[in-house]
There are 2 protein chains.
Amino acid sequence: MSPIGKTRPTGRDRLRDSVLAGDLSFLLARANALTLAAANAALAEHGLKARSYSVLALAADDVRPTQRELAEFLRLDPSQVVALIDGLEKRQLVERRTDPADRRANVLVATDAGRALFARAQSSARAVELGLLAAVTPEDHERLAELLRLLAFPE
Amino acid sequence: MSPIGKTRPTGRDRLRDSVLAGDLSFLLARANALTLAAANAALAEHGLKARSYSVLALAADDVRPTQRELAEFLRLDPSQVVALIDGLEKRQLVERRTDPADRRANVLVATDAGRALFARAQSSARAVELGLLAAVTPEDHERLAELLRLLAFPE
DNA sequence: CACGGACCGTTGAAAATGTCAATTATTTGT
DNA sequence: ACAAATAATTGACATTTTCAACGGTCCGTG
């Protein structure tokens, strides 16, 4: 054994060998930051951001979520959901329908224009996602999604 | 084949079967949101947040990063790094040393108090991380980290 | 050597997001 | 019928993000 302690990689990216780089929270945060930036850039041409895209996706998917469900699913404050839907509704992409089963609640549905825009936006989003996953083998795509699901939806 | 279209899970969590739930960006965002909240809660007792913890970690690890390196590594604006370091420096956890090789740049080093606090904070952070990974098998921990690294550090 | 252009950290302002408490309308349980 | 709980909304406030401008320093070229 050499008596010398840690050999310090003096190169470009010494930081990548720090303890932090093994930290799951950090890796998640950084991966998320890059992904989010790429997604927002790609969605901009459709006048969307990741947030509004998510809301539109759920509306277009005929899930008929209430605003509360949206808030919890997207981890947003209910008041942010209000603003988000206001924006989409003003553009006629989405409509609030009062839930017949509970007149306090609104259920979100997409208009035809909303569905059309979502279809276009989705293909942009998919393209970006494939680009980000370039270094990951196809079978690992699903593995990654599975593992993330465990973190994203703890029982 | 049944002529009926999509069978709609009418249960608690129909949203989890939506197209969005297969979206990597969404899973990353949600996993990150939960993880970040848990980390912040655990770090609060040490007067830290995920951000300041990350900075302290790099300082304590003797990586001697410049502020610019910190900004890029943590995906922050350089001005945010200034504020972050100001906070830690005021608490004497960290010091700015002007880089002898480039007097424009500051290099960040941890004080003894900073190292001590980091050691304590790190064990809180690890405990939280293990809790979040409860549903993931130990060998998948590393697999997940590997996959996230590919996203977090595209060559 | 001197100069211009690039780069580092810092400041400050503006925009976007996040957090929270209060309000109205409705539901639910008793 | 009533009290407590819940859905959406509003408005206030804090935190975070984003950006442009500035002084000090470095580097390459003339």
Side-chain angles (χ1 to χ4, degrees), chain A residues 12 15 29-30 32-41 43-44 47-55 58-59 64-90 94-109, chain B residues 12 15 29-30 32-41 43-44 47-55 58-59 64-90 94-109:
Chain A
R12 266 312 74 240
L15 301 217
R30 188 170 155 117
N32 181 52
L34 294 177
T35 300
L36 184 62
N40 279 337
L43 291 169
L48 296 172
K49 299 189 185 184
R51 287 285 167 76
S52 37
Y53 173 79
S54 298
V55 171
L58 291 164
R64 301 182 82 83
T66 67
Q67 296 185 203
R68 176 151 292 275
E69 287 173 319
L70 283 172
E72 186 183 326
F73 197 62
L74 302 177
R75 292 261 113 194
L76 296 174
D77 189 89
S79 61
Q80 294 180 273
V81 174
V82 170
L84 233 22
I85 297 184
D86 282 352
L88 293 173
E89 200 170 37
K90 228 159 260 158
V94 125
E95 277 176 16
R96 284 182 239 240
R97 303 248 178 97
T98 81
D99 185 345
D102 181 347
R103 300 211 315 280
R104 290 170 302 182
N106 294 332
V107 140
L108 196 67
V109 300
Chain B
R12 268 309 75 238
L15 301 219
R30 190 172 154 116
N32 181 53
L34 294 176
T35 300
L36 184 62
N40 279 337
L43 291 171
L48 295 172
K49 299 190 186 184
R51 287 286 168 77
S52 37
Y53 173 79
S54 299
V55 172
L58 291 166
R64 300 181 82 84
T66 68
Q67 297 185 203
R68 174 148 294 276
E69 288 174 319
L70 282 172
E72 186 182 324
F73 197 62
L74 302 176
R75 291 263 114 194
L76 296 175
D77 188 271
S79 63
Q80 293 180 272
V81 174
V82 171
L84 234 23
I85 297 183
D86 282 351
L88 293 172
E89 200 170 35
K90 228 159 263 158
V94 126
E95 277 176 16
R96 284 183 238 240
R97 304 247 177 98
T98 80
D99 185 345
D102 181 348
R103 300 211 314 279
R104 290 170 301 179
N106 294 332
V107 141
L108 197 67
V109 300

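Naming: A, B, ... by sequence-line order, numbering from 1 per chain.
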Sugar-phosphate only, base, or nothing, as touched by B:D77 at under 4.0 Å among non-hydrogen atoms: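 Counting heavy atoms under 4.0 Å across all strands, the contact made by B:D77 includes a base.
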Sugar-phosphate only, base, or nothing, as touched by A:R75 at under 4.0 Å among non-hydrogen atoms: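 Result for A:R75 = nothing.
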Could you state the atom-to-atom distance from [atom1] of [X] to [atom2] of [N] in whole Å?
X	N	atom1	atom2	value
B:L108	C:dT10	CG	C1'	16 Å
A:N106	C:dA25	CG	P	14 Å
A:Q80	C:dC20	CD	P	11 Å
B:L76	D:dT15	CG	C1'	14 Å
B:D102	D:dT25	CG	C1'	7 Å
B:L84	D:dT16	CG	C1'	11 Å
B:Q67	C:dC7	CD	P	17 Å
A:R104	D:dA4	CZ	P	16 Å

Minimal non-hydrogen separation, A:L15 against B:E69, with atom names: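 Shortest heavy-atom contact: CD1-O, 3.9 Å.
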Closest to the A:S79 side chain, choosing from D:dG11, C:dG18, C:dT11: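 Nearest nucleotide to the side chain: D:dG11.
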Can a side chain N or O of [X] be found less than 4.0 Å away from OP1 or OP2 on [N]?
X	N	answer
A:R68	D:dA7	yes
B:R103	D:dG24	no
A:K49	C:dA16	no

DNA chain C: 5'-proximal contact among A:R51 and A:A101 (nearest heavy atom):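 Between the two, 5'-proximity favours A:R51.
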Distance (rounded to the nearest 0.5 Å) between [X] [atom1] and [Y] [atom2]:
X	Y	atom1	atom2	value
B:Q67	B:R96	CD	CZ	5.0 Å
A:R103	A:T98	CZ	OG1	7.5 Å
B:L88	B:E95	CG	CD	12.5 Å

Side chain B:T66 and base C:dC8 donor-acceptor under 3.5 Å: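 Answer is no: no donor-acceptor pair is held.
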Earlier contact from the 5' end, DNA chain D, for B:P100 and A:D86: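 Its nearest nucleotide lies further toward 5', so the answer is A:D86.
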Side chain to side chain donor-acceptor pair (under 3.5 Å) against A:R68, all qualifying residues, sequence neighbours excluded: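 A:R68: no side chain to side chain donor-acceptor pair (under 3.5 Å) contacts found.
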